Amino acid sequence: MTFLVALALLAGVITVWAIRNDSQLSANGGDCEPGAVEIKTSPIPDPSEIDVVVLNGTDRTGLGDQAASQLEDRGFNVVEVGDTEETFDGSALVRFGPGQYAAGIHTHAYFYQGRDGFDLEWEEPITVVLGDAFKEVRSTSDARQSFAQSGGITAPEGTCTVE
């Protein structure tokens, strides 16, 4: 009987040791397909934590400064404003990579009929290319409503959600 109690205690100690020294980074790690890029879909960062580059892809003078000012009014950190030769027919193209996934989706919600420009290779700050259809940056309440109606964040093809 003493031997069985000692064996049970030893098994308990080994179990506790194994749990504390588990090297898995997340519970989802085993669900990722080989070659998938890991992205974080939460928490959604506050606009003050999001760096944004604003580029005017139109021939409308001052449009980049206008959008940058509106983004700053909504709490975003605009790190650069400029013009680009790249044109975009819609409202805005919001480019971001895996490292800024949640922030990119959040930023995208501020542009009515904007396009999500997620790119697995993107390593620059979130970049907004303004297009001909751009009128204004949405209000914070409109962006939140748009985000809520979109159904939240889902991982795009070639990625795997981690926490």
Side-chain angles (χ1 to χ4, degrees), residues 24-163:
Q24 292 179 3
L25 296 177
S26 75
N28 294 339
D31 295 339
C32 291
E33 294 182 21
V37 176
E38 293 182 347
I39 61 169
K40 288 187 176 184
T41 56
S42 65
I44 305 298
D46 188 70
S48 65
E49 300 170 2
I50 301 174
D51 291 341
V52 180
V53 172
V54 178
L55 300 176
N56 183 358
T58 74
D59 53 5
R60 292 164 40 199
T61 304
L63 192 64
D65 290 327
Q66 173 192 338
S69 177
Q70 291 173 356
L71 283 168
E72 288 172 338
D73 287 346
R74 285 144 185 85
F76 287 87
N77 182 28
V78 177
V79 295
E80 183 182 338
V81 180
D83 293 324
T84 181
E85 294 295 319
E86 179 180 0
T87 60
F88 182 66
D89 291 335
S91 168
L93 172 63
V94 182
R95 292 190 162 165
F96 55 96
Q100 318 126 320
Y101 192 75
I105 293 295
H106 187 179
T107 305
H108 175 256
Y110 281 80
F111 293 91
Y112 179 70
Q113 294 184 337
R115 193 174 93 208
D116 165 351
F118 175 72
D119 182 346
L120 287 170
E121 306 296 321
W122 190 264
E123 293 184 6
E124 304 295 320
I126 295 170
T127 301
V128 178
V129 178
L130 301 173
D132 289 326
F134 176 77
K135 302 287 186 233
E136 66 181 354
V137 174
R138 282 181 168 171
S139 68
T140 300
S141 61
D142 286 347
R144 286 182 181 157
Q145 184 177 12
S146 170
F147 184 77
Q149 289 174 346
S150 72
I153 296 179
T154 57
E157 187 176 328
T159 66
C160 176
T161 302
V162 295
E163 295 187 29

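Given the structure is predicted, the values throughout are model-derived calculations rather than measurements.
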### Task
Would you name the heavy atoms of L130 and A67 that are closest together and state the gap between them?
CD1-CB, 3.6 Å

#### Entry: Of all pairs that satisfy side chain to side chain donor-acceptor pair (under 3.5 Å), the ones with a partner from residues 87-112, not counting sequence neighbours
E86-R95

### Query
Just how far is it from atom OG1 of T159 to atom CZ of F118, taken to the nearest 0.5 Å?
5.5 Å

### Query
Do the side chains of F111 and L93 get nearer than 4.5 Å, heavy atoms only?
no

### Message
Does anything in residues 59-84 form a side chain to side chain donor-acceptor pair (under 3.5 Å)? List the pairs, not counting sequence neighbours.
### Response
D51-N77

### Message
Would you compute the distance between atom OG1 of T58 and atom CZ of F134 and round it to the nearest 0.5 angstrom?
### Response
9.5 Å

### Query
Is there side-chain contact between L120 and P156, with heavy atoms separated by less than 4.5 Å?
no

### Task
Nearest 0.5 Å please: distance from the CD1 atom of I50 over to the CZ atom of F96.
10.5 Å

## Note on the structure
Heavy-atom closest pair (G62 atom, N56 atom, distance to 0.1 Å) is N-ND2, 4.5 Å

### Summary
On a heavy-atom basis, the closest approach of P98 and E38 is CB-O, 4.3 Å

### Heavy-atom closest contact (S42 atom, A102 atom, distance)
N-CB, 4.5 Å

### Message
Checking F76 against I126 for the side-chain contact (heavy atoms from CB on, under 4.5 Å) test, could you report, in this order, the C-alpha distance in whole Å, the side-chain angles of both residues, the deciding distance, and whether it holds?
### Response
CA-CA 11 Å; F76 287 87; I126 295 170; over 6 Å; no

### Message
Among residues at least two apart in sequence or on other chains, which ones pass side chain to side chain donor-acceptor pair (under 3.5 Å) with D116?
### Response
none

